[in-house]
Amino acid sequence: MPTDFEQRVYRAVQQVPRGRVTTYRLLAAHLRCGSPRAVGQALRRNPYAPRVPCHRVIAADLTPGGFRGETGGSTVKMKLSLLSSEGVRFSHGHLADPRCLYAFET
DNA sequence: CACCGATGTCCAA
DNA sequence: TTGGACATCGGTG
């Protein structure tokens, strides 16, 4: 069973509408935790596989992010594939349209 | 351009 | 209870 913090992260990710993406930084800021790494760890566990669209979460540089050291592996590829299916386009390894970024309100 | 530390949470011994 | 690790970010050299 996930912790309360993880539940918050998953809930925030589910708030991201289709065709839009967010960054660990924004998630952390919305969760008021100030540490994107904590959010990344929560997504890394991701016990709610398809229920939590972790592929809609990218790095603050608009890069796909993915595992630290496996950038270019299968995890990132899957993210790009799913995002591409949602209308989010990537270019040169970075988000092509920054307006696709979703900002949390309130 | 490259390297290092900071920050919050989770997992294991 | 303590130590180590993490799908990051920002600043400095």
Side-chain angles (χ1 to χ4, degrees):
Chain A
M1 182 142 187
T3 63
D4 187 63
F5 177 76
E6 289 184 351
Q7 299 242 5
R8 269 185 239 178
V9 176
Y10 303 140
R11 193 156 94 120
V13 175
Q14 286 180 55
Q15 284 178 52
V16 181
R18 175 187 165 281
R20 216 121 325 168
V21 289
T22 191
T23 70
Y24 295 100
R25 204 14 174 92
L26 290 173
L27 265 169
H30 179 67
L31 298 175
R32 194 94 201 157
C33 92
S35 280
R37 291 180 100 190
V39 179
Q41 257 192 354
L43 292 177
R44 173 217 194 190
R45 311 249 22 171
N46 201 354
Y48 292 86
R51 296 207 271 188
V52 179
C54 50
H55 58 266
R56 284 186 196 160
V57 187
I58 62 174
D61 303 283
L62 307 185
T63 37
F67 297 101
R68 192 65 170 167
E70 287 197 24
T71 317
S74 41
T75 323
V76 178
K77 276 188 174 179
M78 186 161 64
K79 275 168 90 168
L80 295 177
S81 205
L82 291 164
L83 289 171
S84 181
S85 272
E86 297 196 346
V88 183
R89 311 172 274 176
F90 273 80
S91 219
H92 298 288
H94 70 70
L95 189 65
D97 287 313
R99 45 179 150 182
C100 288
L101 270 175
Y102 174 80
F104 293 94
E105 308 172 38
T106 59

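All heavy atoms count here, side chains included; hydrogens, waters and symmetry mates do not. To find a chain, count down the sequence lines: A is the first, B the second, and so on, and within it residues start at 1.
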Just how far, in rounded Å, is C1' of C:dA7 from CD of A:E6? 13 Å
By nearest nucleotide on DNA chain B, pick out whichever of A:V39 and A:R45 is the more 5' one. A:V39
Which pair of heavy atoms, one from A:C54 and one from A:L43, lies closest together, and at what distance? CB-CD2, 4.2 Å
In a check of side-chain contact (heavy atoms from CB on, under 4.5 Å) between A:V88 and each of A:I58, A:V21, A:L80, which one passes? A:V21
Whole-Å distance separating the CG atom of A:D61 from the P atom of C:dA7: 16 Å
Separation of A:D4 atom CG from B:dG8 atom C1', in whole Å? 14 Å
Phosphate OP1/OP2 of C:dA7 contacted by A:T71 side-chain N/O (<4.0 Å): no
Given B:dT7, C:dT8, C:dC6, which nucleotide is nearest the side-chain atoms of A:R44? C:dC6
Between C:dA7, B:dT9, C:dC9, which nucleotide gets closest to the side-chain atoms of A:F5? B:dT9
Can you tell me which residue among A:R56, A:R18, A:K79 is in a salt bridge (Lys or Arg N to Asp or Glu O under 4.0 Å) with A:E86? A:R56
In whole angstrom, what separates A:E70's CD from C:dT8's P? 11 Å
Could you state the atom-to-atom distance from CG of A:L26 to P of C:dT8 in whole Å? 15 Å
Strictly by Watson-Crick or wobble contacts shorter than 3.5 Å, is anything paired with C:dA7, and which nucleotide is it? none
Would you kindly give the NE2-to-P distance between A:H30 and C:dT8, to the nearest whole Å? 21 Å
Output the single nucleotide from C:dA5, C:dA7, B:dT7 whose closest atom is nearest the side chain of A:Y24. C:dA7
Identify whether A:V52 and A:L82 are in the same connected component of the hydrophobic contact network (ILVMFWY, side-chain heavy atoms under 4.5 Å). no
Please verify the inter-ring angle class for A:Y48 with A:Y10; under 30° counts as parallel, over 60° as perpendicular, anything in between as tilted. tilted
Across all strands, who's sitting opposite B:dT7 as a Watson-Crick or G-U wobble pair, both distances under 3.5 Å? none
Would you kindly give the CZ-to-C1' distance between A:R8 and B:dC10, to the nearest whole Å? 15 Å
Selection from C:dA7, B:dC10, C:dC9 that lies nearest to any side-chain heavy atom of A:A60: C:dC9
On the nucleotide B:dC10, are OP1 or OP2 found under 4.0 Å from the side-chain N or O atoms that A:R37 carries? no
Considering only heavy side-chain atoms of A:Q41, the closest of C:dA7, B:dC11, C:dC6 is C:dC6
Taking any heavy-atom pair under 4.0 Å as a contact, classify A:R68: base, sugar-phosphate, or nothing. base
What is the distance, to the nearest angstrom, from the CG atom on A:L31 to the P atom on C:dA7? 18 Å
